[in-house]
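Since the structure comes first, as structure tokens, the remarks are kept for the end.
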Amino acid sequence: MKFAFQNKMKSFHHKKHIFFDLDHTLWDFDKNSEFAFDTIFKQQGFDIELSDFLNIYIPRNQHYWKLYQDNQITHDDLRYYRLKDVFDALQIEISESMIHLLSDEYIKYLPEYNHLFDGALEMLDYLKPKYQLHIITNGFASVQTKKMKNSNIDHYFETITNSEMAGVKKPHKKIFDFALSLSNASKEESLMIGDSYEADILGAQNAGIEAIFFNEQNIQTDMPVFQVNHLLELKKIL
């Protein structure tokens, strides 16, 4: 799909602090999930076609993350129902205890894989000498820390703000305010980059922070927002 809003030539060189989302922006969540589930299913002896599983899991996971982001479900609900829905859809009988086991194993193995989006390291190497870099994530602190360490990107970032620290999740204004305070940054000198139009872009804008939409999947939207489809495009404007 074509992106409805055409970028105008713009420079963000006046910024001093750049805040990144982690999952689906730098860290390739879907690819790493695939490897994690492949490992788990082989260990547990599940005869499941991985592509069939992922075709259902990926949108269900996004659905439940949206509910979790909006405080409509708990962390435990997220971890349980995103798996239960898939097995129900595939008409595979599975016990509640096995779903909990698979959920625990998934959290254990997911951060062990370290695939990043194409160009992520080159882009971070380019930005690091020029800006102070930070992370704002709705992910769980212990898991996100492992992801960053295992993918060898933790050293790029001055601060990491997660929803557990801030007490709220993106797009709530308070998590952006918390990140600004933690990094000693002003709104005017800060920039947010993320893949979620609602959580990252609207959330940042509502907090008075300019934002760039990492639109790797060419999602269509009529809202005027600066966007890039590949991380290395950031080198042209930063």
Side-chain angles (χ1 to χ4, degrees), residues 21-117 135-151 153 160 162-172 175 194-200 203 214 216-217 219:
D21 175 51
L22 182 60
D23 293 337
H24 303 286
T25 299
L26 298 173
W27 197 82
D28 194 334
F29 186 94
D30 291 342
K31 181 177 288 188
N32 293 319
S33 284
E34 179 178 351
F35 282 102
F37 280 122
D38 185 50
T39 298
I40 294 165
F41 291 158
K42 286 177 179 176
Q43 287 185 348
Q44 297 297 329
F46 275 70
D47 185 18
I48 299 177
E49 184 64 41
L50 189 59
S51 60
D52 292 340
F53 179 89
L54 292 172
N55 284 339
I56 302 171
Y57 174 80
I58 290 174
R60 295 314 292 166
N61 181 53
Q62 293 173 346
H63 168 74
Y64 282 113
W65 264 104
K66 177 65 167 59
L67 294 178
Y68 176 71
Q69 171 184 300
D70 294 339
N71 295 314
Q72 296 183 41
I73 62 172
T74 67
H75 173 196
D76 289 340
D77 289 337
L78 162 68
R79 292 179 54 178
Y80 178 80
Y81 286 105
R82 65 183 177 184
L83 291 178
K84 185 180 186 303
D85 279 10
V86 183
F87 289 109
D88 286 348
L90 293 174
Q91 298 183 325
I92 297 175
E93 291 189 13
I94 184 171
S95 68
E96 184 175 326
S97 61
M98 177 56 72
I99 293 178
H100 285 299
L101 174 62
L102 294 176
S103 178
D104 290 342
E105 290 293 284
Y106 176 68
I107 296 299
K108 171 184 173 182
Y109 281 104
L110 182 62
E112 297 303 315
Y113 297 98
N114 54 20
H115 292 276
L116 302 172
F117 277 99
I135 291 286
I136 307 179
T137 175
N138 280 350
F140 310 119
S142 60
V143 179
Q144 301 301 75
T145 299
K146 290 179 182 177
K147 289 176 183 177
M148 295 179 64
K149 182 178 180 180
N150 291 344
S151 56
I153 61 172
I160 301 171
N162 61 67
S163 55
E164 293 169 271
M165 297 164 57
V168 295
K169 311 174 193 71
K170 294 179 295 184
H172 198 290
I175 192 171
D195 74 292
S196 171
Y197 186 77
E198 180 179 355
D200 299 315
F214 176 50
E216 192 260 346
Q217 296 184 353
I219 299 169

Would you indicate whether the side-chain heavy atoms of [Y] and [X] approach each other to under 4.5 Å?
X: Asp77; Y: Leu67; value: no
X: Phe41; Y: Leu50; value: yes
X: Leu110; Y: Lys147; value: yes
X: Ile160; Y: Met148; value: yes
X: Arg82; Y: Tyr68; value: no
X: Asp21; Y: Lys170; value: yes
X: Ile107; Y: Arg79; value: yes
X: Lys84; Y: Ile94; value: no

Distance check, rounded to the nearest 0.5 Å: [X] atom [atom1] versus [Y] atom [atom2]?
X: Ile135; Y: Ile153; atom1: CD1; atom2: CD1; value: 6.0 Å
X: Glu49; Y: Leu90; atom1: CD; atom2: CG; value: 10.5 Å
X: Leu102; Y: Tyr80; atom1: CG; atom2: OH; value: 11.0 Å
X: Tyr57; Y: Tyr64; atom1: OH; atom2: OH; value: 12.0 Å
X: Met98; Y: Glu105; atom1: CE; atom2: CD; value: 9.5 Å
X: Ser33; Y: Ile58; atom1: OG; atom2: CD1; value: 7.0 Å

Nearest heavy-atom pair of [X] and [Y]: which atoms, and what distance?
X: Trp27; Y: Pro111; answer: CZ2-CA, 4.4 Å
X: Gly139; Y: Ser163; answer: O-OG, 4.2 Å
X: Lys169; Y: Ile175; answer: C-CG2, 4.2 Å

Quiz item: Does the pair Tyr81 and Ile73 meet the rule for a side chain to side chain contact (heavy atoms under 4.5 Å, CB included), with working shown?
Solution: CA-CA 10 Å; Tyr81 286 105; Ile73 62 172; over 6 Å; no
Quiz item: Is there a side-chain hydrogen bond (donor to acceptor under 3.5 Å, both in side chains) between Thr25 and Asp195 once you walk through the steps?
Solution: CA-CA 6 Å; Thr25 299; Asp195 74 292; 3.2 Å; yes
Quiz item: Okay, side chain of Asp38, backbone of Glu34: is any donor-acceptor separation there less than 3.5 Å?
Solution: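 Pair absent, no side-chain N/O of Asp38 close to backbone of Glu34.
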Quiz item: Would you find a donor on one side and an acceptor on the other, under 3.5 Å apart, between the side chain of Ser103 and the backbone of Ile99?
Solution: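 No: the side chain of Ser103 does not pair with the backbone of Ile99.
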Quiz prompt | Within the 6.0 Å centroid threshold, strictly below: Trp65 and Phe140 | solution =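 Distance test on ring centres: under 6.0 Å, yes.
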Exercise. Please determine which of Tyr113, Phe53, Phe46 meets the ring-ring contact (aromatic ring centres under 6.0 Å, His included) test together with Phe37.
Key: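 Exactly one candidate clears the test, Phe53.
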Practice problem: State whether the number of non-hydrogen atoms from other residues, nucleotides or ligands found under 6.0 Å of Glu93 atom CD is greater than 12. | Solution: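 Open.
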Practice problem: Mark yes when over 12 heavy atoms from residues, nucleotides or ligands other than Phe87 sit less than 6.0 Å from its CZ; otherwise mark no. | Solution: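 Yes, CZ of Phe87 has more than 12 neighbouring heavy atoms, counting only those of other groups under 6.0 Å.
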Exercise. Determine, step by step, whether Lys66 and Asp70 satisfy the salt bridge (charged side-chain N to carboxylate O under 4.0 Å, His left out) criterion, reporting the C-alpha distance in whole Å, the side-chain angles of both residues, the deciding distance to 0.1 Å, and the verdict.
Key: CA-CA 6 Å; Lys66 177 65 167 59; Asp70 294 339; 2.4 Å; yes
Quiz item: Should the pair Phe35 and His115 be assigned to parallel (<30°), tilted (30 to 60°) or perpendicular (>60°) ring geometry?
Solution: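 Parallel: the ring planes of Phe35 and His115 meet at under 30°.
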